[in-house]
Amino acid sequence: MSSRELGRRRPEANGQTDLYRTARNHTTAPESTQSKLVAGIYTKRSSPGMQSCGEKRVLVVRGNVLLPESKGETDEWSQRNRKTPTVIRPGFNINRIRGFYMRKVKFTQQTASERLGQIIADFPRLNDIHPFYADLMNVLYDRDHYKLALGQLNTAKTIIDSVARDYVKLLKYGDSLYRCKQLKRAALGRMATVLKKHKASLAYLEEVRKHLSRLPALDPNTRTLICTGYPNVGKSSFLNKVTRANVDVQPYAFTTKALYVGHMDYQYMRWQVVDTPGLLDTPLEGKNTIEMQAITALAHLQSAVLFFIDISEECGFTIDQQCALFRNISPLFANKQLVVVCNKTDVRPWEELSGEVQAEIEGMVAEVGNNATLMKMSVKSEDGVMTVRNEACDRLLQQRVDQKLSRKKVDGVLNRLTVVRPAPRDGAPRRTFIPESVLAKRDGTAMDTDVKKRTEKDRMWENGGPGVYKPDYREHWTQLREDGWRHDAVPEIMDGKNIADFIDPEIEARLNELELEEEQLLEEERLNPLQEDELDEETLGLHKAIKDKTGLLQQRRRRDRSMNASHMPRTNTRGRGPKLQQMQKDLEEAGLPTEGILTRAARQARASKAGRDSADERGRSRKRDRRDDEGDDEHAMETDDPQSNKRVRRTRSASAAARERSLARDRSVLGMRTEGDAKKMAAKAAKEVRRKMAKDRRSGIADRSNGPKLQKHLIAGKMGLGTRRWR
């Protein structure tokens with residue numbers, strides 16, 4: 001099949017035509033910015049490595065966080081998918097094309113299933129968490145809506161898996177590039193459509209996730225105090241006083257709209273104090289979401305309850321209304337320690353209340369039973385705040401201890417504990433001993449005569465501070481026989497001897513005398529310099545001997561230094577080297593004898609000439625025929641003889657030619673018949689090297705290529721009015 005036919009082929013009119021028409025309907029997507037989904041983004045983007053006009057990419061939720069609508073995040077699927085081949089050429093095998101598009105479908109399905117499964121697994125299951133949190137989520141987010149949203153995501157995950165499985169089966173029977181690509185587009189389009197339908201569920205779960213992250217870290221099993229009552233009665237102010245929390249306090253009602261938790265320490269234990277929103281005296285069915293948070297905390301947390309009553313009625317509600325609220329929610333106080341707190345006694349003291357009001361409040365507390373107590377305090381003046389806190393904590397601790405003792409496991413623990421109570425051995429009283437100085441300080445009668453001891457730190461700051469002050473450790477040398485030895489100089493020992501024994505005590509004075517004498521001599525030499533003509537013969541002789549010795553040493557040094565240098569060989573080339581007459585003249589000027597130099601030079605010249613002539617005769621005595629000379633001597637040279645007008649063939653000596661033929665040949669050409677064989681072998685070796693290199697760098701399926709992306713017949717010529725998506 002040619003590339004033109006493969007690029008333009010359409011599905012035949014068979015049973016699969018409807019399938020491809022359906023695939024096109026599924027893959028139609030808008031190109032506006034409205035096509036960006038919360039859980040999946042449908043984009044039309046031309047890939048430089050594809051011959052298609054557009055590609056569909058699906059992005060899903062990352063964990064519990066929805067993807068932002070940024071360009072970098074929308075390309076995540078494409079970046080991860082680039083680990084697989086991204087280019088299909090017309091000449092590829094059909095099995096390779098099928099595998100290419102099957103990988104794309106499987107990758108999209110795996111990514112979507114992984115993200116959706118992570119969302120479902122990360123959100124808490126209402127049946128597996130504490131009832132307090134389960135009811136709190138029901139109040140805040142609606143249990144049914146929450147479960148329905150997670151169920152829809154689970155269904156979407158199943159549908160995506162089914163779609164991918166079906167289209168992978170169809171891709172196995174795709175018989176052309178066009179059919180495989182349309183199946184892939186249909187699969188990705190259906191997956192994107194499934195995710196788009198669940199946009200509302202994903203948006204709801206995102207809001208739930210954000211709100212859950214802002215909930216306070218409340219431990220349902222630890223020691224807890226719960227503050228409740230009408231709005232603006234002093235609950236948040238009490239929380240700010242006894243804990244390190246900083247809750248907003250305002251003079252109007254319903255400032256607190258959620259649960260706030262503060263922590264404190266009491267009897268070396270960590271406690272948490274919960275501030276609940278204000279309650280109104282309405283039926284349980286008529287309470288809003290804010291009030292239901294307080295009801296949930298009172299119903300599920302094992303704690304001590306502090307019910308606040310504003311006896312000054314500045315909150316806007318009368319005491320009777322507050323007592324009615326107490327009786328309305330009293331079933332929530334069952335099996336809990338209750339402290340009824342009459343707040344704002346600084347504005348209206350308890351004694352100013354009428355007898356009927358006092359009797360009503362006391363009777364309301366008595367109705368609850370022995371677990372309730374009545375206390376008074378003022379948060380503004382902090383009168384009785386710590387007393388209320390301590391009473392509530394002690395009651396809760398006692399209740400928790402009683403509950404643990406009532407269990408069956410306590411017997412096994414008590415059997416392993418032994419409490420020892422020592423019996424008195426006699427009747428002598430043994431009271432606690434307290435020093436008299438401590439008693440005097442308690443009574444205030446102690447005499448302030450003690451001087452504060454100066455520490456090493458005080459000395460440090462008095463003498464420059466850290467880095468400047470150096471402590472004297474000799475004060476702590478207490479093992480010496482005499483205290484006066486602490487500040488003696490430590491002797492310095494060298495070679496087993498004390499250096500101080502060899503020090504002259506008068507060395508300073510002697511050194512000063514020598515320096516003074518030297519200065520005097522220098523001054524006299526400057527004033528009376530020596531003249532050269534004033535020197536006697538003995539001094540001049542010594543001076544000359546010193547100069548001669550210095551010159552000899554310099555010559556010897558130059559000679560020794562030149563011993564390591566390489567010497568250039570003297571050449572016997574005519575015209576170079578020193579002349580004989582000049583050499584004789586130089587020797588005569590130096591005062592050296594020159595007799596016999598010319599005679600010896602002439603004798604040596606005659607001897608060298610005779611040696612050359614004998615060598616020529618030995619060379620000419622070798623018998624050769626004309627044919628050998630013409631064939632073998634490659635170094636012959638023809639010259640013109642001026643006497644006979646004939647061309648004379650001159651050759652080099654036979655010994656030189658013989659030496660040249662006897663030289664070792666190149667090892668790379670040994671065994672070769674001719675020079676052409678050597679060239680062929682060299683070309684073959686170079687070709688083998690290139691073949692190995694080309695094999696290692698051969699391009700694979702996943703390699704990128706920057707060659708021509710479209711065939712010329714697909715892009716040349718006029719552009720018609722039809723669609724550009726058929727490729």
Side-chain angles (χ1 to χ4, degrees), residues 124 126 129-143 146 208 211-243 245 247-249 253-264 270-309 322 325-341 343 368 371-372 388-389 392-393 395-397 399-400 403:
L126 298 182
I129 60 178
H130 194 273
F132 165 71
Y133 283 114
D135 285 356
L136 185 62
M137 293 185 66
N138 184 29
V139 171
L140 296 175
Y141 319 121
D142 189 4
R143 181 196 304 264
Y146 176 78
V208 171
H211 198 277
L212 281 175
S213 63
R214 293 192 294 266
L215 289 179
L218 196 153
D219 187 1
N221 300 316
T222 191
R223 295 163 290 275
T224 309
L225 303 181
I226 297 180
C227 303
T228 185
Y230 262 98
N232 205 18
V233 295
K235 302 184 295 296
S236 300
S237 301
F238 178 78
L239 179 67
N240 293 339
K241 291 291 183 182
V242 300
T243 66
V247 183
D248 187 21
V249 177
F254 288 106
T255 306
T256 303
K257 298 181 180 180
L259 299 177
Y260 288 92
V261 181
H263 296 84
M264 67 176 184
R270 179 56 59 92
W271 296 69
Q272 63 182 7
V273 184
V274 181
D275 180 21
T276 61
L279 297 175
L280 299 177
D281 188 14
T282 56
L284 186 62
E285 295 79 8
K287 295 187 180 297
N288 55 21
T289 304
I290 298 176
E291 294 178 284
M292 285 303 299
Q293 298 181 49
I295 297 298
T296 303
L298 290 172
H300 293 286
L301 296 180
Q302 295 295 329
S303 60
V305 180
L306 281 73
F307 186 85
F308 284 77
I309 297 178
Q322 298 180 51
L325 174 64
F326 179 86
R327 294 187 178 91
N328 188 8
I329 63 174
S330 58
L332 299 175
F333 303 150
N335 299 325
K336 291 184 176 63
Q337 296 297 321
L338 177 63
V339 178
V340 179
V341 181
N343 193 18
V368 179
N371 293 337
V388 172
R389 185 204 69 173
C393 293
R395 281 178 165 270
L396 182 59
L397 278 179
Q399 182 186 18
R400 291 169 66 91
Q403 290 178 354

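Quick note: numbers below take in every heavy atom, side chains included, and nothing from hydrogens, waters or symmetry partners.
- The aromatic ring centres of Phe308 and Tyr230 sit 6.0 Å or more apart.
- Here the straight-line distance linking atom CZ of Arg270 with atom CZ of Arg223 works out to 10.0 Å at 0.5 Å rounding.
- Taking SG of Cys393 as the reference point, atom CD of Gln337 lies at 12.0 Å (rounded to 0.5 Å).
- With rounding to the nearest 0.5 angstrom, the CG atom of Leu338 is 9.5 Å from the OG atom of Ser330.
- In this structure a side-chain-to-backbone donor-acceptor pair under 3.5 Å is missing from Thr224 to Ser303.
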What's the verdict on side chain to side chain contact (heavy atoms under 4.5 Å, CB included) for Leu284 and Ile295, showing C-alpha distance, side-chain angles and the deciding distance?
CA-CA 9 Å; Leu284 186 62; Ile295 297 298; 4.0 Å; yes
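- Contact check for Val305 versus Thr228: side-chain heavy atoms found under the 4.5 Å cut-off.
- Nearest heavy atoms, Pro231 versus Lys235: CA-NZ, 4.0 Å.
- For the pair Gln302/Asn221, no side-chain contact is recorded, criterion being any heavy-atom separation below 4.5 Å from C-beta on.
- With a 4.5 Å cut-off on side-chain heavy atoms, Leu218 and Phe132 count as touching.
- Nearest heavy atom pair, residue Thr296 against residue Asp135, reads CG2-CB, 3.8 Å.
- Judged purely by atom type and a 3.5 angstrom limit, Lys336 uses its side chain to pair as donor or acceptor with the backbone of Leu298.
- You'll find the side chain of Leu279 reaches within 4.5 Å of the side chain of Leu325, heavy atoms only.
- Of the possible donor and acceptor atoms, one in the side chain of Glu291 sits under 3.5 Å from a partner among the backbone N and O of Leu280.
- Taking each heavy atom of Pro220 and Tyr133 in turn, the nearest pair found is CG-CE1, 3.9 Å.
- Side-chain contact between Gln272 and Thr243 is absent, with no heavy-atom pair separated by less than 4.5 Å.
- Among Leu332, Leu301, Leu306, Leu259, the one residue that satisfies the side chain to side chain contact (heavy atoms under 4.5 Å, CB included) test with Ile226 is Leu301.
- Atoms NZ and OG1, from Lys257 and Thr289 in turn, are 12.5 Å apart once rounded to the nearest 0.5 Å.
- For the residue pair Ser236 and Asp275, a side-chain donor N or O sits within less than 3.5 Å of a side-chain acceptor on the partner.
- A 4.5 Å side-chain heavy-atom check between Thr276 and Gln293 finds every atom pair outside the cut-off.
- Panel note: side chain Gln399, backbone Asn335; a donor-acceptor pair is recorded below 3.5 Å.
- Heavy atoms only, all atoms of each residue included: Arg395 and Val339 are closest at CD-CG2, 4.3 Å.
- Below 30°, between 30° and 60°, or above 60°: for Phe326 and Phe307 the angle between ring planes is above 60°, a perpendicular geometry.
- A 4.5 Å side-chain heavy-atom check between Leu215 and Leu140 finds at least one atom pair inside the cut-off.
- Proximity of Leu396 to Trp271: side-chain heavy atoms (C-beta onward) are separated by under 4.5 Å at one or more points.
- His300 and Pro131 make their closest contact through ND1-CB, 3.8 Å (heavy atoms, listed as atom of the first residue, atom of the second, distance).
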Trace of the side chain to side chain contact (heavy atoms under 4.5 Å, CB included) decision for Met264 with Leu225:
CA-CA 11 Å; Met264 67 176 184; Leu225 303 181; 3.7 Å; yes
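- Taking all atoms of both residues into account, the shortest heavy-atom contact from Ala294 to Pro277 is CB-O, 3.8 Å.
- One N or O on the side chain of Asn138 and one on the backbone of Arg143 form a donor-acceptor pair closer than 3.5 Å.
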